[in-house]
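Remarks on the structure that follows.
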Amino acid sequence: MVFLKRTMLRRFLIMSAMLAMFLFITSFWLPQGRFRDCGGPGQPCLSFYQQMPDSPLVPAEWVDLDKAPAIIKDCPGQSFQARLLLQHLKSSLADADDVLLEPYLQSWDQLLNFMESLGTMVSFFSQKVKEKVVLIRELSLKHSLEAHGKRGPSDHSGLQTPESFGLKKGVREESAYRSVRSMVEAELKEGVVDFSRRTDSGCRTLLRLHRSLLWLRLMLEGLAEGPDADGQFKTPGELSRDAYKVALAPHHPWMLRQAAELVFLALPDRRYFLQLVCVTSQREATPVLRIVIHALKLVHTQTQKILAEQKMLELP
């Protein structure tokens, strides 16, 4: 009896310590510093992590949404809907050579639903992503209020409306936060972006979302792959770890990288991930995932191009 109590106490203490660590590191989940800042105490450099450049893609390669229902199904009773994600991603590329911000952020609303479906541990991290999405929307609303006076384009709840993004009644209007390109140009002109220290600019915030989008995309690419030579599939935890090493680990401090390993161990199995896209087998999942991956890649590539043009890929 005494042994049993000691065992239960030991397990309770271990879980409490893990939870305390997650609570402590949530403020660091999104990249906060530049890679060249590594090498300090407790921050060994990870020079062997290399982000592979995306192959060029054009919107003309987009999947026809009219044909998507036969492949991508709505999932009643769950918050994440792959079809909605695909629609928002496509809408974000409605302008050539640009990314519209509101549909981009709506894509993140769906991706957040996806992340929060994976369990409590992941929700600690998704909360920091959500804060980034909210910040860009707040910057857009603030800019609209300043441009239109106290009766700015918001509803009674104070939330952003399409008007605050220059999308009123489908008519294109000039707005600093209408698209990624317009936001970058406006914030550079206003001196909001700082290349030497951290600021709460929309550009810096977008960069953090941009890196996390790559992480999710790479993880989904792994889920779409078949088994290895021995007929074994990688677990979602292994796929998330591999994607993390490429997309986020080079920008995270050592302590956060170690804590992330615990999160990967807590991820549900592959079958649970398949259920999130409303399929029951890997054979059904692969074409659905490839459509979503392609959409994510188009948006990521275009965002990468705009940020790279202004040398914003390493904002502190």
- Query: Any side-chain heavy atom of K132 within less than 4.5 Å of one from W108?
  - Reply: no
- Query: Measuring from C203:SG to I306:CD1, what's the distance to the nearest 0.5 Å?
  - Reply: 10.5 Å
- Note on the structure: Which of D95, D98, D97 passes side chain to side chain donor-acceptor pair (under 3.5 Å) with R181? Answer is D97
- Note on the structure: Smallest heavy-atom separation, L206 atom then M183 atom, equals CD2-CE, 3.8 Å
- Give, for atom CZ of R197 and atom CG of L315, the distance between the pair rounded to the nearest 0.5 Å. 12.5 Å
- Query: Is F233 linked to F273 within one hydrophobic cluster, defined over Ile, Leu, Val, Met, Phe, Trp and Tyr using a side-chain heavy-atom separation of less than 4.5 Å?
  - Reply: no
- Message: I want to check something: taking the side chain as every heavy atom from C-beta on, are L218 and D242 in contact at a cut-off of under 4.5 Å?
- Response: no
- Note on the structure: Closest non-hydrogen contact found for S117 with N113 is OG-O, 2.7 Å
- Message: Between W215 and V246 (side chain of the first, backbone of the second, donor and acceptor by atom type, cut-off under 3.5 Å), is there such a pair?
- Response: no
- Message: Side chains of Y272 and L267, heavy atoms from C-beta outward: is any pair under 4.5 Å?
- Response: no
- Less than 4.0 Å between a side-chain N and a carboxylate O, is that true for R178 and E102? no
- Query: Do V193 and R204 have side-chain heavy atoms sitting under 4.5 Å apart?
  - Reply: no
- Hydrophobic cluster identity match, V192 and L209, side-chain contacts under 4.5 Å: no
- Cluster overlap L89 with L84, hydrophobic side-chain contacts below 4.5 Å: no
- Item | Minimum-distance pair of heavy atoms, taken over all atoms of I72 and R83 | CG2-N, 3.6 Å
- Which class fits the ring pair Y177 and H143: parallel under 30°, tilted 30 to 60°, perpendicular over 60°? perpendicular
- Item | Spacing of CD belonging to E225 relative to CG belonging to L220, to within rounding of 0.5 Å | 11.5 Å
- Query: Within the side chain of S92, is there an N or O that forms a donor-acceptor pair under 3.5 Å with the backbone of L100?
  - Reply: no
- Query: For the atom pair CG (L188) and CD (Q310), what is the distance rounded to the nearest 0.5 Å?
  - Reply: 5.0 Å
- Query: Between E238 and R241, is the closest basic N to carboxylate O distance under 4.0 Å?
  - Reply: no
- Is a side-chain donor or acceptor of D230 paired with a backbone partner of Q232 at a separation under 3.5 angstrom? no
- Donor-acceptor contact present, side-chain R257 to main-chain K245, <3.5 Å: no
- Query: To the nearest 0.5 Å, how far apart are CD in Q275 and CZ in R271?
  - Reply: 7.0 Å
- Query: Can you check whether M219 reaches L216 side chain to side chain, under 4.5 Å on heavy atoms?
  - Reply: yes
- Partners passing side chain to side chain contact (heavy atoms under 4.5 Å, CB included) against K142 (at least two apart in sequence or in another chain): E146
- Message: Using modelled atom types and a 3.5 Å cut-off, is there a donor and acceptor pairing between side-chain atoms of Q78 and backbone atoms of F80?
- Response: yes
- Which is it for E314 and F195 under the side chain to side chain contact (heavy atoms under 4.5 Å, CB included) test, yes or no, and what are the steps along the way? CA-CA 8 Å; E314 293 295 334; F195 290 83; over 6 Å; no
- Query: Are the side chain of R217 and the backbone N or O of A243 linked by a donor-acceptor pair below 3.5 Å?
  - Reply: no
- Message: So P268 and L118, do their side chains get closer than 4.5 Å, heavy atoms only?
- Response: yes
- Query: Are any non-hydrogen side-chain atoms of L145 and L141 less than 4.5 angstrom apart?
  - Reply: yes
- Message: Keeping E284 on the side-chain end and T280 on the backbone end, is there a donor-acceptor pair under 3.5 Å?
- Response: yes
- Item | From Q81 atom CD to L276 atom CG, the distance as rounded to the nearest 0.5 Å | 10.0 Å
- Query: S107 and H88: which non-hydrogen atoms are nearest, and at how many Å?
  - Reply: OG-CB, 3.2 Å
- Which atom of L139 lies closest to which atom of S201, heavy atoms considered: CD1-C, 4.0 Å
- Message: Do H210 and L214 have side chains that approach each other closer than 4.5 Å (heavy atoms only, starting at C-beta)?
- Response: no
- Message: On a heavy-atom basis, which atom in R270 and which in K234 lie closest, and how many Å separate them?
- Response: NH2-O, 2.8 Å
